[in-house]
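Structure record follows, encoded as structure tokens.
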Amino acid sequence: MKNTGKKILIAFFSIVIIATANCYGQEKAIGTNQNSVADQLAIANLMNGWIHRDLGEWDALRELFHPDGIIELSWFEGKFSDFVNASMKMGESDSRSSHFIGSPIITFNGNKAIAETNVIATGENLKLGYGSAQYFRFYDMIEKRNGVWKIVKRQSVYDMGTFIFPSGVVEIDKTILDHYPHEYAPLAYMLEKSGYPVKRIFATKGSELEKSMKIEAKKWLERKDK
């Protein structure tokens, strides 16, 4: 009986030790997941922060990028700080826009990340009487500096677009429209007529530009900075 009792006690304490170890392991795993979720939420908030542009909240918009951050999209290429200034001027014109931002797909590597995010942008020129709906993706290189995630470089890939005629169909000059890739031709047409010409060809879905852009971004992601 004594031997049996000892065996029972040994088995009991073994179960307690294993259970404690498992709980400790779960706590560690949960902590790791919480950190990962916090990073994902921080980057998702960066994406949603584009609403500050639609609302004309320029100081808040500036906070989305690091001071050396750059942006390349249809009507502007250069420092993000200059983009905000240009957007302020656009906001005083006959043009206006609104963006619907999806959930990003994020790839992490330490304090670096790449995020690809679906966007629907609707734009309109009140004076011209038409606008466009553009479906595209933000492709962002993001870095965590001093504990804060911000965008280093933003590029775009254009998927498809169409015209919007809020007050009836307006005649479109097809010769101008045909200058642009059809994936973003309506947007480029509206921008050109609004005084914001698209000065080069941008990446479209499945294009060589999209492929090369992603290759370069992944090299950046994998590179260890000194």
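Computation of the quantities below employed the complete heavy-atom set of this structure, encompassing side-chain atoms and omitting hydrogens, waters and symmetry-equivalent molecules. Predicted model only: the values in this text are computed from it and were never measured.
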Looking at Asp68 and Arg145, does any basic side-chain N land under 4.0 Å from a carboxylate oxygen?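 Yes, Asp68 and Arg145 are salt-bridged.
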Does a side-chain N-to-carboxylate-O contact under 4.0 Å join Asp159 and Arg137?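 Here Asp159 pairs with Arg137 in a salt bridge, since their nearest N and O are under 4.0 Å apart.
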If we ignore hydrogens and angles and just use 3.5 Å, is the side chain of [X] paired with the main-chain N or O of [Y] as donor and acceptor?
{"X": "Lys205", "Y": "Tyr158", "answer": "no"}
{"X": "Lys112", "Y": "Arg223", "answer": "yes"}
{"X": "Ser207", "Y": "Glu210", "answer": "yes"}
{"X": "Asp54", "Y": "His99", "answer": "yes"}
{"X": "Ser87", "Y": "Phe83", "answer": "yes"}
{"X": "Asp94", "Y": "Lys127", "answer": "no"}
{"X": "Gln134", "Y": "Met160", "answer": "yes"}
{"X": "Ser194", "Y": "Tyr196", "answer": "no"}
{"X": "Tyr130", "Y": "Gly168", "answer": "no"}

State yes or no: do Leu55 and Met88 share one hydrophobic cluster built from I, L, V, M, F, W and Y residues joined by side-chain heavy-atom distances below 4.5 Å, directly or via other members?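 They do not share one cluster, since no chain of ILVMFWY contacts under 4.5 Å joins Leu55 to Met88.
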May I ask you to test the Asp39-Trp149 pair for a side-chain heavy-atom distance under 4.5 Å?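 In short, these two side chains touch, coming nearer than 4.5 Å.
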Of all the heavy-atom pairs spanning Ile114 and Ala217, show the shortest one and how long it is.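 The answer is CD1-O, 3.5 Å.
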Less than 6.0 angstrom from the centroid, inside 45 degrees of the normal: does Arg200 satisfy that with respect to the ring of Phe202?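 Pair Arg200/Phe202 counts as cation-pi.
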Cation over ring face, Arg154 and Trp50, 6.0 Å, 45°: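 Verdict for Trp50: a cation-pi partner in Arg154.
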Establish, from distance only, whether the side-chain atoms of Asn85 and Arg62 form a donor-acceptor pair under 3.5 Å.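 Indeed, the side chains of Asn85 and Arg62 share at least one donor-acceptor pair under 3.5 Å.
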Establish, from distance only, whether the side-chain atoms of Ser212 and Glu216 form a donor-acceptor pair under 3.5 Å.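 No - no donor-acceptor pair under 3.5 Å links their side chains.
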Aromatic rings Phe138 and Phe136: how do their planes relate, parallel, tilted or perpendicular, breaks at 30° and 60°?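 The rings of Phe138 and Phe136 stand perpendicular, inter-plane angle above 60°.
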